[in-house]
Amino acid sequence: MIRFLLAAALLLAGCSETSKTAETGKAAETSKTAETGKAAESAKPAWAPGDPVIRFLSCGPMTCVGGDRLRVGEDGRAVSLRDGELVVVRLSTAELRDLRSELVALLAWREGTIDRTGGASDQPFSVVTVVDSGGGVHETRLEGGPLVEDERIFAAIQRLSALTDRVRTTGELDLTAPIEVTLYQDENTDPVRRVTWPRDVPTPALPTPDRWIVSQVYRGQEAKTLRAALGAAEDNVEVRIGKRTLIASWKAELP
């Protein structure tokens, strides 16, 4: 009888421990899920009035240079770069509303990263970001080539690509845009001309052995002066700064 009661007590204790372990595991999983969701939420890009409400980034394998293809503001101002210069097309209120609502619905349905690379690290990727009317940010990143189930995402990317082409083809130049000037030292680069750095414009911190390429953004009158001094956007020109001869080039900044 005593053996039976002891066995029963041990069985009940084991069941209690199993139940406790299961509840602990469930609580831990719930907590982990909540923390993951919180972390994902905090990782979303922030948005402030004046920032673009639509952004389209398209990068090739191994590089994202020039990948920032399109930005659209709340006022319908769609901008991109053409040969290093900022160009602008004004979207109608109806067109912006239609594009924005379509992207919000789509990205809210499929946010986050869609990885179709099969583990490869040298695949192209696209990022679409849209801000809803309440200021909420939705972002989807498609890595690699899309699959059948990515048809809606791919359709959105195609629509944004078409808008980018339209802006680059028909957009008007904005010669007041800020510009980014890049300086580096390279004896193997053949400059298209030699120029003089304007005296009234401060130079960026010059390249060093540890940082062989430097850049700085200029605005307003300084940007206007540098445009005149350096010539066409994206041209590699030779410029003398102090005792050093460097290669300089510039391109407009997307807002």
Side-chain angles (χ1 to χ4, degrees), residues 40 43-117 122-147 149-174 177-180 217 233-234 251-255:
K44 284 185 177 181
W47 180 83
D51 288 347
V53 295
I54 296 172
R55 182 181 177 187
F56 176 42
L57 180 74
S58 181
C59 300
M62 305 300 289
T63 180
C64 206
V65 175
D68 205 341
R69 301 186 63 193
L70 176 74
R71 295 189 187 185
V72 183
E74 278 190 295
D75 58 356
R77 190 170 183 262
V79 299
S80 188
L81 293 181
R82 180 176 67 211
D83 298 327
E85 290 275 16
L86 190 75
V87 286
V88 184
V89 164
R90 291 278 182 178
L91 305 185
S92 68
T93 302
E95 182 179 7
L96 176 60
R97 182 174 58 245
D98 175 67
L99 176 61
R100 193 174 174 184
S101 61
E102 176 188 325
L103 292 175
V104 167
L106 175 62
L107 270 59
W109 164 74
R110 190 67 171 87
E111 287 196 64
T113 298
I114 307 173
D115 189 352
R116 304 305 188 200
T117 65
D122 60 346
Q123 298 296 305
F125 66 89
S126 300
V127 183
V128 179
T129 308
V130 64
V131 180
D132 61 34
S133 58
V137 180
H138 307 274
E139 186 171 278
T140 295
R141 173 177 172 136
L142 176 62
E143 298 182 350
L147 301 181
E149 56 264 40
D150 305 323
E151 181 179 358
R152 292 173 64 188
I153 295 289
F154 186 60
I157 289 174
Q158 286 185 310
R159 181 172 181 181
L160 291 173
S161 294
L163 177 57
T164 302
D165 291 343
R166 174 180 147 203
V167 172
R168 290 178 174 177
T169 302
T170 67
E172 296 183 359
L173 283 174
D174 181 357
I179 66 172
E180 180 185 46
V217 175
E234 298 185 336
K251 66 181 180 63
E253 277 279 290
L254 284 172

field: Gap separating the CG atom of L86 from the CG atom of D174, nearest 0.5 angstrom
entry: 5.0 Å
query: Hey, is the main chain of V130 close enough, under 3.5 Å, to the side chain of R55 for a donor-acceptor pair?
result: no
- request: Output yes when a side-chain donor or acceptor of R82 lies under 3.5 Å from a complementary backbone atom of R168, and no otherwise.
  value: yes
- prompt: Quick one: salt bridge (Lys or Arg N to Asp or Glu O under 4.0 Å) partners of D83, sequence neighbours excluded?
  reply: none
field: Check: R69 and L163 side chains under 4.5 Å, non-hydrogen atoms
entry: no
- line: With sequence neighbours left out, the residues meeting side-chain contact (heavy atoms from CB on, under 4.5 Å) with V89 are L91, R166, V167, T170
query: From L160 CG over to L57 CG, what is the distance, rounded to the nearest 0.5 angstrom?
result: 11.5 Å
- request: Rounded to the nearest 0.5 Å, what's the gap from NZ on K251 to CD on E234? Could you check?
  value: 8.5 Å
- prompt: What residues form a side-chain hydrogen bond (donor to acceptor under 3.5 Å, both in side chains) with E172, not counting sequence neighbours?
  reply: none
query: Once you round to the nearest 0.5 Å, how far does OG1 of T164 lie from CG of L81?
result: 10.5 Å
query: Can you check side-chain contact (heavy atoms from CB on, under 4.5 Å) on V72 and F56, steps first, answer last?
result: CA-CA 9 Å; V72 183; F56 176 42; over 6 Å; no
statement: The side-chain hydrogen bond (donor to acceptor under 3.5 Å, both in side chains) partners of E102 (sequence neighbours excluded) come to R159
query: Among V88, D51, V79, which one satisfies side-chain contact (heavy atoms from CB on, under 4.5 Å) with P255?
result: V79
Contact summary for E74 and L96, nearest pair of heavy atoms: O-CD2, 3.4 Å
- request: Please assess R141 against E139 for the test salt bridge (Lys or Arg N to Asp or Glu O under 4.0 Å), listing each intermediate value before the final yes or no.
  value: CA-CA 7 Å; R141 173 177 172 136; E139 186 171 278; over 6 Å; no
query: Could you give the distance from CG (L70) to CD1 (I54), rounded to the nearest 0.5 Å?
result: 7.5 Å
task: Mind checking side-chain hydrogen bond (donor to acceptor under 3.5 Å, both in side chains) for R71 and listing every partner two or more places apart, or none if nothing turns up?
output: D68
Min side-chain heavy-atom separation V131-R100 under 4.5 Å: yes
Any side-chain heavy-atom pair of R90 and D75 under 4.5 Å: yes
field: Counterpart residues, side-chain hydrogen bond (donor to acceptor under 3.5 Å, both in side chains), relative to S126 (two or more places apart)
entry: none
